[in-house]
Amino acid sequence: MDSGDWRSVAPGYAARSNGQSQSASKSRAAAAVTHIEICASLTPHKADARFPQVPCESCMHDLRQLRDNLDGIRTQLGPRGRDVPWDDLRKLLDERRNLTTQVEQLRAQLKRGSDEIAQLKRAKQPADDAMTAMKAVGDRIRVMDEDLRGLEDRLTGLTLHIPNIPHPSVPKGQDSGDNVEVRRWGTYPTIGGTPRSHWDLGEALGILNFDRAAKMTGARFAVLTGAGARLERALINYMLDVHTGRHGYREVLPPFLVNRASMTGTGQLPKFEEDLFRLREEDYFLIPTAEVPVTNLHREEMLDEPSLPLRYTAYTPCFRREAGSYGKDTRGLIRLHQFNKVELVSFTTPSQSDEELERLTGHAEAILQGLGLPYRVVTLCSGDMGFSAAKTYDIEVWLPSQSVYREISSCSNFQAFQARRAGIRYRPAGGKKEAKPELVHTLNGSGLAVGRTLVAILENYQQSDGTVIIPEVLHAYMGGMTRIQKDN
RNA sequence: GGAGAGGUGGCCGAGUGGCCGAAGGCGACGGUUUGCUAAACCGUUGUAGGGGCUAAAACCUCUACCGAGGGUUCAAAUCCCUCCCUCUCCGCCA
């Protein structure tokens with residue numbers, strides 16, 4: 001082959017099963033479902049449990065921490081917090097506290113009064129005066145309660161729009177130009193002549209078609225056929241097998257539609273609704289990533305500490321509206337409204353999450369290494385990170401046709417951000433009497449974006465005759481096929 | 001889609017208007033006993049918010065929470081309405 005000998009760097013893949021030890025503890029944890037208080041309403045006109053379900057007292061930071069340390073949080077957020085109306089927030093927090101205190105005092109009064117009435121009645125004494133008085137108190141409470149509810153709705157609305165605080169190790173910066181490269185792996189392939197783009201190669205090989213996808217659906221969709229479809233499926237199976245077999249993840253096949261509460265739990269809502277596809281008749285959304293359903297596996301649950309870390313891997317298609325990306329990556333498979341992805345999701349204790357991010361990133365890298373695709377890892381700067389992340393590594397694969405590294409995986413530690421919004425907690429094990437539930441830390445990463453992996457294979461393994469060599473680890477998944485030729 | 005039965009704490013489960021944050025059991029934690037383990041016995045054990053105390057906790061106190069939301073009432077786990085979810089039967093469907 002004429003693509004160099006760098007492939008020998010790649011370690012061979014040996015399937016082993018060491019994932020079962022987790023399953024027993026997992027079912028224990030799954031049984032430990034708890035129902036926590038839910039109230040805040042984002043769609044206040046519909047009393048439908050599918051819609052809001054946002055834990056109201058715990059939207060972003062706990063409100064006490066937010067109130068006590070508003071300026072500190074503002075400083076830590078830096079430019080990420082520029083859209084937050086800090087003054088309104090402070091005012092709302094104070095107003096809520098004042099009103100809460102008043103309402104609760106009135107309620108205590110009402111409770112005492114009602115108890116007295118009960119005693120009078122039992123003693124067969126007249127209680128009309130007390131009942132009249134308590135009716136007045138009750139009416140006052142109802143009025144104030146309504147005000148308080150309005151305050152809390154506004155407060156929830158604000159806090160749900162505050163992004164996560166960057167991890168201390170995250171470089172400060174404005175945009176992708178300030179990201180920091182961490183490491184590189186692999187060697188660039190030697191390609192005779194000018195490297196062809198994957199769409200050029202794929203269409204010539206008869207395995208990739210965009211016109212027909214546009215016909216049946218629209219722009220930013222693709223059809224894979226023949227060896228192309230087979231290669232996509234092979235990659236999905238290879239990735240899942242490595243993650244379940246070698247890396248110890250538990251496979252999940254979740255729903256591809258989720259409700260509003262799940263989207264809010266992981267942070268896609270309320271801020272990024274325009275990026276999502278939504279059904280017309282139901283308040284369901286097509287998932288933009290498996291992170292959403294898989295993280296929400298444990299929404300509003302109490303996990304056992306011994307069951308942590310819980311590691312899941314899931315293949316799902318992903319659906320994104322790509323609003324605002326007009327003109328970007330208009331050709332090829334790089335940016336589609338629908339693409340396949342194998343995702344890694346992890347739930348850990350707070351003390352383990354830093355280490356888990358490194359581990360998880362390594363698991364994603366292992367796929368690229370197995371496939372012999374050159375890549376680099378970059379740490380996103382504070383300005384380039386997603387809304388919910390505390391720290392993110394992007395893995396970028398080498399694309400010879402463009403001579404650039406393109407994102408193929410994004411691995412993030414969300415710390416307690418998603419756990420707080422989604423109510424995912426664990427009870428610390430053992431210890432002394434201290435066993436207060438704590439929020440877990442959640443992490444996830446692509447392991448990998450399948451379509452982009454197919455792109456990288458086509459481009460990095462292209463031969464001067466227009467055929468494409470199939471990486472060795474996929475041969476078995478391809479029914480023995482070792483090379484993609486025209487129309488196979 | 002039609003008919004019915006349900007949803008209570010970490011788990012199971014009692015509770016049909018006040019003395020119920022909720023019996024009883026399981027689990028967990030602490031202790032007694034024990035050569036060790038087990039058993040037995042005694043005790044503790046929900047979450048969140050406000051206030052007080054504090055460097056912070058512990059702690060004290062008030063309030064809320066029995067699927068969700070609303071209503072009736074002086075007072076709701078309990079009565080009424082709407083919704084969600086689960087289970088059973090029928091229909092339809094892969």
Side-chain angles (χ1 to χ4, degrees), chain A residues 25 27-59 61-69 93-142 144-146 148-149 151-153 155-156 159 255 259-262 282-284 298-307 420 423-439:
Chain A
S25 56
S27 53
R28 265 207 318 280
V33 179
T34 184
H35 300 279
I36 72 165
E37 184 184 352
I38 292 164
C39 61
S41 172
L42 298 169
T43 46
H45 305 298
K46 301 194 97 158
D48 181 335
R50 278 176 310 176
F51 290 113
Q53 287 197 348
V54 178
C56 76
E57 305 300 353
S58 54
C59 313
H61 295 87
D62 40 302
L63 293 178
R64 177 188 298 216
Q65 198 187 331
L66 197 58
R67 195 189 64 219
D68 292 348
N69 194 20
L93 285 165
D94 287 343
E95 282 177 21
R96 187 192 77 111
R97 178 164 59 161
N98 291 338
L99 198 52
T100 302
T101 307
Q102 291 179 44
V103 172
E104 290 190 347
Q105 281 168 355
L106 277 180
R107 244 193 256 281
Q109 190 186 335
L110 181 72
K111 215 172 161 181
R112 276 194 302 274
S114 294
D115 285 347
E116 281 164 22
I117 291 167
Q119 283 172 26
L120 287 173
K121 294 222 162 183
R122 247 173 278 136
K124 306 264 196 270
Q125 304 265 320
D128 294 348
D129 289 352
M131 280 166 65
T132 311
M134 286 308 109
K135 183 165 177 56
V137 173
D139 289 343
R140 268 186 81 192
I141 290 175
R142 265 182 282 280
M144 294 174 78
D145 241 353
E146 201 164 318
L148 186 59
R149 213 174 303 138
L151 275 181
E152 295 200 325
D153 282 353
L155 198 52
T156 302
T159 53
N259 58 28
R260 183 171 287 275
S262 292
E282 310 279 338
D283 202 34
Y284 291 160
H298 295 302
R299 175 155 51 88
E300 280 138 47
E301 287 188 20
M302 180 83 71
L303 305 172
D304 291 330
E305 180 169 3
S307 72
R420 182 172 297 110
I424 310 170
R425 297 174 301 167
Y426 73 101
R427 195 175 290 283
K432 297 290 171 243
K433 56 195 168 192
E434 278 309 285
K436 282 248 178 213
E438 287 184 41
L439 296 167

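Every value quoted in this text rests on a predicted model; they were computed, and no experiment measured them. Naming convention: chains lettered A, B, ... in sequence-line order (proteins, then strands); numbering from 1 in each chain.
Here the nucleotide nearest the side chain of A:A108, chosen from B:U63, B:C85, B:G49, is B:U63. Comparing atom distances between the A:S114 side chain and each of B:A75, B:G50, B:A48 picks out B:A75 as nearest. Side-chain proximity of A:P437 to B:C85, B:A75, B:U47: nearest is B:U47. Of the candidate nucleotides B:U73, B:G50, B:A64, B:G50 has the atom nearest to the side chain of A:T101. The side chain of A:I117 lies closest to B:C74 when the candidates are B:C74, B:C62, B:U47. Of the candidates B:A75, B:C62, B:U47, B:U47 carries the atom nearest the A:R425 side chain, counting heavy atoms from C-beta on. Of all nucleotides listed (B:G49, B:C85, B:U63), B:G49 comes nearest to the side chain of A:R96. The side chain of A:R427 lies closest to B:G46 when the candidates are B:G46, B:C74, B:U73. Checked against B:A64, B:C74, B:G50, the side chain of A:R97 finds its nearest nucleotide in B:G50. For A:R122, the side-chain atoms get nearest to B:C19 when compared with the rest of B:C19, B:A75, B:U47.
Here the closest non-hydrogen pair linking A:Y426 and A:M302 is C-SD, 4.1 Å. Of all the heavy atoms in A:V137 and A:L106, the pair that sits closest is CG1-O, 3.8 Å. Here the closest heavy-atom approach between residue A:A127 and residue A:L120 is recorded as CB-CD1, 3.9 Å. Here the closest heavy-atom approach between residue A:M134 and residue A:S114 is recorded as CG-N, 4.5 Å. Of all non-hydrogen atoms in A:R425 and A:L439, the two that sit nearest each other are CG-CD2, 3.6 Å.
As rounded to the nearest Å, B:U73 and B:C80 have C1' atoms that lie 12 Å from one another. B:G43 and B:A57 have their P atoms separated by 33 Å, with the value rounded to a whole Å. Nucleotides B:C42 and B:G50 have their C1' atoms positioned 36 Å apart, rounded to a whole Å. B:U54 and B:U63 have their P atoms separated by 24 Å, given to the nearest Å. B:A76 and B:G17 are spaced 14 Å apart, taking the P atom of each and rounding to whole Å. Comparing the same atom, P, in B:A28 and in B:C85 gives a spacing of 35 Å after rounding to whole Å. Only the C1' atoms considered, B:U44 is 27 Å distant from B:G51, to the nearest whole Å. Distance check on atom P: B:U37 versus B:G31 gives 13 Å, rounded to whole Å.
Atom C1' of nucleotide B:C29 and atom CG of A:D304 are separated by 14 Å, given to the nearest angstrom. The distance between atom CG of A:L303 and atom P of B:A28, rounded to the nearest whole Å, is 18 Å. The CG atom of A:D139 sits 12 Å away from the P atom of B:G71 (whole-angstrom rounding). Taking atom CD1 of A:I141 as the reference point, atom C1' of B:A64 lies 12 Å away to the nearest angstrom. In this structure, A:E305 places its CD atom 18 Å from P of B:G10, rounding to the nearest Å. Computed from coordinates, the A:Q119 CD to B:G17 P distance equals 19 Å when rounded to whole Å. Per the geometry, CD belonging to A:E300 stands 15 Å off P belonging to B:C85, to the nearest Å. Rounded to whole angstrom, the span from the CZ atom of A:R260 across to the C1' atom of B:C84 amounts to 16 Å.
Contacts of A:K121 with the nucleic acid, taken as non-hydrogen atoms under 4.0 Å apart, include base atoms. Counting any heavy atom pair closer than 4.0 Å across all strands shown, A:M134 reaches sugar-phosphate atoms only and no base atom. Looking at heavy-atom distances under 4.0 Å, A:R112 makes no contact with the nucleic acid at all. A:A130 comes within contact range of no nucleotide atom at all, as no heavy-atom separation falls under 4.0 Å.
Across every strand in view, B:G1 sits in a pair with B:C90 that passes the Watson-Crick or G-U test at under 3.5 angstrom. Pair assignment for B:G27: B:U45, on the basis of Watson-Crick or G-U wobble contacts that are both within less than 3.5 Å. Summarising the base pairing, B:U72 is matched to no nucleotide, lacking a Watson-Crick or G-U wobble pair whose two defining distances lie under 3.5 Å. In this structure, B:G9 makes no Watson-Crick or G-U wobble pair, since no nucleotide meets both defining distances under 3.5 angstrom. Applying the Watson-Crick and G-U wobble criteria (two distances, each under 3.5 Å), B:A55 pairs with nothing in any strand. Using N1 to N3 plus N6-O4 or O6-N4 for Watson-Crick, or N1-O2 and O6-N3 for G-U wobble, each under 3.5 Å, B:C66 pairs with nothing. Judged by Watson-Crick or G-U wobble contacts below 3.5 Å, the nucleotide B:A39 has no partner. In this entry B:A77 has no Watson-Crick or G-U wobble partner, no candidate having both defining distances under 3.5 Å.
Between A:D115 and A:K135, the one whose closest nucleotide on RNA chain B sits nearer the 5' end is A:D115. Both A:A118 and A:R107 lie near RNA chain B, and the one whose nearest nucleotide falls closer to the 5' end is A:A118.
When only modelled atom types and interatomic distance are considered, A:S262 and A:N259 share a side-chain donor-acceptor pair under 3.5 Å.
The base of B:G49 sits with one of its N or O atoms less than 3.5 Å from a complementary donor or acceptor on the side chain of A:E104.
A:R149 has a side-chain polar atom (N or O) that falls below the 4.0 Å cut-off from OP1 or OP2 of B:G70.
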Derivation and outcome, salt bridge (Lys or Arg N to Asp or Glu O under 4.0 Å), residues A:R142 and A:D139: CA-CA 5 Å; A:R142 265 182 282 280; A:D139 289 343; 3.2 Å; yes
Between A:I117 and A:K121, is the side chain to side chain contact (heavy atoms under 4.5 Å, CB included) condition met? List the steps. CA-CA 6 Å; A:I117 291 167; A:K121 294 222 162 183; 4.1 Å; yes
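Between A:I141 and A:Q109, the closest side-chain pair of non-hydrogen atoms is not below 4.5 Å.
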